[in-house]
Q: 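Here it is, the structure in full.
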Amino acid sequence: MTVSAGPVAVAQRLRDGMAGGVLSFPLTSFRDDGTLDPDGYRAHVAERLAAAPGAVFPACGTGEFFSLDEDEYRQVVTITVEEAAGRVPVVAGTGYGWAQAVRFARIAEDAGADALLVLPHYLVAAPQDGLVAQLEQIAARTPLPLIAYQRGQVAFTADSLRRIAALPNVIGLKDGHSDLDRLQRLTLAAPEDFLFFNGASTAEIQARAYATVGVPAYSSAVHAFAPEIAGAFFTALRDDDHGTVDKLLRDFYVPLVELRDRVPGYAVSLVKAAARIRGHRLGPVRAPLTDPSAADLAALTALLTAGLDLVGATL
């Protein structure tokens, strides 16, 4: 087990990383029979790291955290930590109820993760006091810094944000609601050093809008299969090259979202299929997700080819 740096140090590393690159959420590799493929996953993570992300987030939503058992989770986080070798922060996913989340948190700590992304709890709606208590229970049982993820049934008020930000090891919030009115209220309520980033599906679509409320950092699913496109978009956005941003949005990202929205779960399975098209040994998604149809795979291949051409790359 490695000893994690304190919350302030981890937050600063993440802040520095967010300023220099997208946040990468690797896919988890399975064999055709559905079992974990550690070697395939290691190769995939190594390629993601070679594309210079700001941080890497294993076993989160894109990495099918919901389908991993504890031993598989340990392998995924351990491999990521080994491949990162301290170059970028490793933020592992955790979730379900707080008791289960703590079990995964301890595994991540033993594996050497730098921090945890607390995914939305399972199934039930909860009042604000309960959402805060969920973070309190986890924070009291792990020394790792925590980033809360609001999406689905989890949406914090400004008062709740102040309460979770007061917890010593809660360092940030990932937002998946894209409610900019609410998000602006949260950024104004938070301490100055609190981290925020855009975690909407295909976050590039709304990256400019998020930046207007003080949240320029974002996660990128596209980085999992086309870091050339993700990197070109990040650079154009950072440099206020609106012509390139508009072209990439119009000719790649918007069509990708339209394809993604055809079937529930394509936010993960379409991304995984795109990575397989590019030669990554990742295998199928696990149920309840389903792999794309032949027609959608053909459309994805054509779109990916066109998108790579926009940035001078090839399939």
Side-chain angles (χ1 to χ4, degrees), residues 1-14 17 23-30 35-38 41-42 45 55-124 126 130-151 154 163-174 195 199 219 286:
M1 181 182 75
T2 60
V3 178
S4 173
V8 174
V10 172
Q12 186 59 54
R13 287 190 67 206
L14 283 165
L23 304 177
S24 181
F25 286 67
L27 300 149
T28 300
S29 181
F30 301 119
T35 58
L36 184 71
D37 179 2
Y41 179 73
R42 187 180 294 277
V45 169
V56 62
F57 288 67
C60 293
T62 306
E64 299 179 73
F65 168 78
F66 59 86
S67 77
L68 300 176
D69 66 28
E70 293 180 16
D71 180 63
E72 291 169 334
Y73 176 85
R74 183 186 301 277
Q75 293 183 68
V76 165
V77 178
T78 298
I79 289 168
T80 309
V81 170
E82 290 172 350
E83 291 299 317
R87 290 175 291 168
V88 297
V90 174
V91 184
T94 191
Y96 305 126
W98 65 259
Q100 294 162 300
V102 168
R103 289 207 305 271
F104 283 102
R106 289 172 178 158
I107 294 170
E109 181 186 352
D110 287 343
D114 296 292
L116 297 165
L117 178 67
V118 182
L119 302 169
H121 63 270
Y122 173 69
L123 188 61
V124 295
L131 298 181
V132 173
Q134 169 88 336
L135 269 294
E136 290 174 337
Q137 294 287 351
I138 299 169
R141 291 166 172 81
T142 178
L144 290 179
L146 305 178
I147 298 170
Y149 186 7
Q150 64 169 19
R151 192 186 186 106
V154 176
R163 293 167 64 189
I164 65 170
L167 298 170
N169 54 337
V170 175
I171 63 172
L173 178 77
K174 177 183 179 183
L195 301 174
S219 59
R286 278 181 172 173

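In this chain, residues are counted from 1 in sequence order. Predicted model only: the values in this text are computed from it and were never measured.
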Q: What closest approach, in Å, do Ala55 and Leu14 show between heavy atoms, and which atom pair accounts for it?
A: CB-CD2, 3.7 Å
Q: Which atom pair, heavy atoms only, marks the closest approach of Leu116 to Ala105?
A: CD1-CB, 3.4 Å
Q: Sequence neighbours excluded, which residues qualify as side-chain contact (heavy atoms from CB on, under 4.5 Å) partners of Ala101?
A: Thr94, Ile138
Q: Please say which of Phe66, Phe65, Tyr122 ends up in a ring pair (Phe, Tyr, Trp, His ring centres under 6.0 Å) with Tyr96.
A: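 With Tyr96 as partner, Phe66, Phe65, Tyr122 yield a single ring pair (Phe, Tyr, Trp, His ring centres under 6.0 Å), made by Phe65.
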Q: Can you name the side-chain hydrogen bond (donor to acceptor under 3.5 Å, both in side chains) partners of Tyr73, sequence neighbours left out?
A: none
Q: With the side chain counted from C-beta on, respond yes when Thr28 and Leu36 share a heavy-atom pair under 4.5 Å apart, and no when they do not.
A: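 Result yes, sub-4.5 Å side-chain heavy-atom pair found.
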Q: For the atom pair CD (Glu64) and CZ (Phe30), what is the distance rounded to the nearest 0.5 Å?
A: 4.5 Å
Q: Show me the pairs that pass salt bridge (charged side-chain N to carboxylate O under 4.0 Å, His left out) and involve residues 135-151, at least two apart or across chains.
A: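 Every candidate salt bridge (charged side-chain N to carboxylate O under 4.0 Å, His left out) pair involving residues 135-151 fails, so no pair, neighbours aside, qualifies.
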Q: Enumerate the residue pairs fulfilling salt bridge (charged side-chain N to carboxylate O under 4.0 Å, His left out) with a member in residues 90-103, sequence neighbours excluded, ordered by first and then second residue.
A: Glu70-Arg103
Q: Where is the tightest heavy-atom contact between Pro145 and Pro7, given as atom of each residue plus distance?
A: CG-CA, 3.8 Å
Q: Residues two or more places apart in sequence or in another chain: which of them pass side-chain contact (heavy atoms from CB on, under 4.5 Å) with Ala126?
A: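 His121, Leu131.
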Q: Would you say Ile147 and Ile171 make side-chain contact, with heavy atoms under 4.5 Å?
A: yes
Q: Taking the side chain as C-beta and beyond, is there a heavy-atom pair between Arg286 and Leu68 under 4.5 Å?
A: yes
Q: Go through the structure and list residues passing salt bridge (charged side-chain N to carboxylate O under 4.0 Å, His left out) with Arg13, not counting sequence neighbours.
A: Asp114
